Structures are given as structure tokens and as C-alpha cells.
Q: 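Before we start, here is the structure in question, set down as C-alpha cells.
All of these numbers come straight from a predicted model, not from anything done at the bench.
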Amino acid sequence: MISNTAGLILAGGLGSRMNHQDKGMVLFKQKPLVEYPLALLRKNVDCIVISANRNLDKYASYGHPVIPDLPQYTALGPLGGIYSASMQLPENITFIQVVPCDTPFLPDHLVEQLHTALLQTNTDIAMAISGSNQHPSIIQFRRSLLPDLKRRLDQHVDKLRLRSFVLDNAHTLVNFEQEDFFINFNNPELLKLWDSLQGST
């Protein structure tokens, strides 16, 4: 377990490309999608929170705090969810690992690898990449950045892009060779395709 580090699952989106379903509760291989990143985080950190705005009781059944967006940051995208949930973390938390709810193939060593990169480079954010593809929703950052995150939300900096939050701060990019690690299910067709492929192997 990595000390002083919390896991934060982003499950508060509108699911507009998933027919407005709550993506964390959509089934993949007969399990809600949220259970995959949850299993990953449970192997690496003691503290986990879930950012969600629907099905709060269902998410709470997993035994971790479920934090909806603060009223002033409702519908402001992932940055609003990250800030709202991070404000509820225990005081001893120094690092925050963010993962989305719709990426079931993330590797077990993700959290440790991002954490090591943060410490070795003495930067404030570590972002996962695979080749030329950046994954701004898969980051680990220092809690000390929360004031900057609040400023961005209050001022709507760069249309509240998560990528800009990463790139505008001292950051490091951590490359993972296997692109499949970062497949995320944004629409029902992709989920159905992977469900059938996985079932045939």
C-alpha cells in the first residue's frame, strides 16, 4: 500500500455518449464498470472516494465515501468532481490518484508507477501516456494543487479542460507501452464489442 495517497474514481459524468446512462453502473462482463478501477485502487491505497452524482446509494454500497459535486461546481466536468471529492479527504492525504470509472483494463502497477515518477521528478502531477496518446483523466497529483484547481473552476480557465490543469502545472509524463490498458468505454457499441471479444478469448 502507498501511504498518504488516496484513490479518486470519477463516476459523476452525464454519460451523454452512453445514452445518458450512469457509466459506472453499466455492466461489463456481468459487473458494473466501477468495480474494475475500484479493485485496482484497493490493491494500492487505503483511502478511496467516489465522485458521483447519481445512484449514490449503489456506489455507497461498496463501502467508500461517495461525494457529489459541490453545488457551485455542478456540471463543470471532471475538474469539479475532482475538487469536490478531494475536499473531503482526510488531512493526512498528500497525493491523489484519479481514475475514471469506465477504464476496466488499467494495470495493477499504475498507481505505484505514477507515484514513483512524481517523487523522482519532484513535480506536482504525473499523467499516464501510451505512445503519443495522453490520458489526462488518469493522473496522480499533489494535494497542494487544490487551490489552483479551485481557481480554475471559479474563473473557468481554458474551458475547464483537465488536460490544461495537467500541462499548466509542473508535470511528468509516464509512458505505458500497452495501449489496451487505457481503453475507455464511451459508447454502448464499443462496450458491446469488447464484451464479445473478451468472451471469445
Side-chain angles (χ1 to χ4, degrees), residues 1-13 22-25 32-74 76-103 106-128 135-154 160 162 165-166 169-172 174:
M1 292 287 180
I2 303 173
S3 62
N4 302 324
T5 301
L8 193 164
I9 299 177
L10 288 174
D22 185 348
K23 285 201 289 185
M25 290 295 150
L33 276 172
V34 70
E35 292 189 11
Y36 294 91
L38 189 55
L40 164 72
L41 292 177
R42 284 172 171 167
K43 296 174 185 176
N44 288 275
V45 298
D46 289 321
C47 178
I48 298 171
V49 294
I50 301 173
S51 166
N53 294 302
R54 293 183 280 173
N55 294 309
L56 304 187
D57 290 343
K58 289 183 179 180
Y59 285 115
S61 70
Y62 291 108
H64 303 283
V66 181
I67 314 297
D69 293 348
L70 291 167
Q72 64 269 40
Y73 300 138
T74 298
L76 293 187
L79 287 185
I82 291 171
Y83 182 80
S84 299
S86 295
M87 293 305 293
Q88 302 300 316
L89 292 172
E91 291 183 0
N92 68 306
I93 295 299
T94 305
F95 302 95
I96 301 167
Q97 173 67 57
V98 178
V99 291
C101 67
D102 60 353
T103 50
L106 294 174
D108 287 345
H109 59 279
L110 172 82
V111 181
E112 182 178 2
Q113 201 158 331
L114 293 181
H115 192 73
T116 299
L118 267 182
L119 297 180
Q120 289 181 344
T121 60
N122 196 30
T123 49
D124 293 325
I125 307 181
M127 176 169 65
H135 306 288
S137 62
I138 303 171
I139 57 173
Q140 190 174 138
F141 69 96
R142 296 180 188 269
R143 188 180 192 149
S144 57
L145 285 185
L146 288 178
D148 176 67
L149 183 47
K150 184 179 188 302
R151 176 187 66 84
R152 289 172 175 273
L153 288 164
D154 292 341
L160 299 178
L162 185 49
F165 170 61
V166 176
N169 285 288
H171 65 278
T172 185
V174 182

Q: Taking ring-ring contact (aromatic ring centres under 6.0 Å, His included) as the definition, give me every residue that meets it alongside His115, ordered by chain and number, with sequence neighbours left out.
A: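 Phe95.
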Q: So, applying side-chain contact (heavy atoms from CB on, under 4.5 Å) with Gln97, which one of Val45, Leu8, Leu40, Leu114 is it?
A: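 Of the listed options, the one satisfying the test is Leu114.
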Q: Checking side-chain contact (heavy atoms from CB on, under 4.5 Å) against Val98, which of Ile138, Leu162, Ile139 comes through?
A: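 For Val98, the side-chain contact (heavy atoms from CB on, under 4.5 Å) test succeeds with only one of Ile138, Leu162, Ile139, which is Ile139.
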Q: Are any of the side-chain heavy atoms of Tyr59 and Asp22 separated by less than 4.5 Å?
A: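 Tyr59 reaches Asp22 side chain to side chain.
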Q: Give me each pair satisfying salt bridge (Lys or Arg N to Asp or Glu O under 4.0 Å) with a member in residues 55-72, each pair once, sequence neighbours excluded.
A: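 Listed by first then second residue: nothing to list.
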Q: To the nearest 0.5 Å, tell me how far Ile125 CD1 sits from Asn169 CG.
A: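 Between atom CD1 of Ile125 and atom CG of Asn169 there are 4.5 Å.
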Q: Apply side-chain hydrogen bond (donor to acceptor under 3.5 Å, both in side chains) to Arg152 and list each qualifying residue two or more places apart in sequence or on a separate chain.
A: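 For Arg152 the side-chain hydrogen bond (donor to acceptor under 3.5 Å, both in side chains) partners, ignoring immediate neighbours, are Asp148, Asp168.
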Q: I'd like to know if the side chain of Asp124 reaches the main chain of Arg142, judged simply by a donor and an acceptor atom lying under 3.5 Å from each other, with no hydrogens or angles considered.
A: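 No, Asp124 side chain to Arg142 backbone: no donor-acceptor pair under 3.5 Å.
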Q: Are the side chain of Thr74 and the backbone of Pro71 linked by a donor-acceptor contact shorter than 3.5 Å?
A: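 Present.
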Q: Taking C-beta and beyond as the side chain, do Ser51 and Leu10 meet within less than 4.5 Å on heavy atoms?
A: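 Side-chain contact under 4.5 Å: yes.
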Q: Could you check if a side-chain atom of Leu41 sits within less than 4.5 angstrom of a side-chain atom of Val111, using non-hydrogen atoms only?
A: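 Yes, close enough: below the 4.5 Å cut-off.
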Q: Tell me, please, which residues at least two apart from Tyr36 pass side-chain hydrogen bond (donor to acceptor under 3.5 Å, both in side chains).
A: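 None.
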Q: With salt bridge (Lys or Arg N to Asp or Glu O under 4.0 Å) as the rule and sequence neighbours excluded, what pairs involving residues 33-51 come up?
A: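 Passing the test, one end in residues 33-51: Lys43-Asp108.
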Q: Counting N and O atoms only, with roles assigned by atom type, does the side chain of Ser84 sit under 3.5 Å from a partner on the main chain of Leu70, one being a donor and the other an acceptor?
A: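 Flag set: sc Ser84 to bb Leu70 pair under 3.5 Å.
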Q: With a 4.5 Å limit on heavy-atom distance, are the side chains of Arg143 and Ser86 in contact?
A: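 No, their side chains stay 4.5 Å or more apart.
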Q: Start with the C-alpha distance between Ile9 and His64, add both sets of side-chain angles, then the distance that settles side chain to side chain contact (heavy atoms under 4.5 Å, CB included), and finish with yes or no.
A: CA-CA 11 Å; Ile9 299 177; His64 303 283; over 6 Å; no
Q: Please enumerate all residues that pass ring-ring contact (aromatic ring centres under 6.0 Å, His included) together with Phe165, with sequence neighbours excluded.
A: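 Phe165 satisfies ring-ring contact (aromatic ring centres under 6.0 Å, His included) with Phe141 once adjacent residues are dropped.
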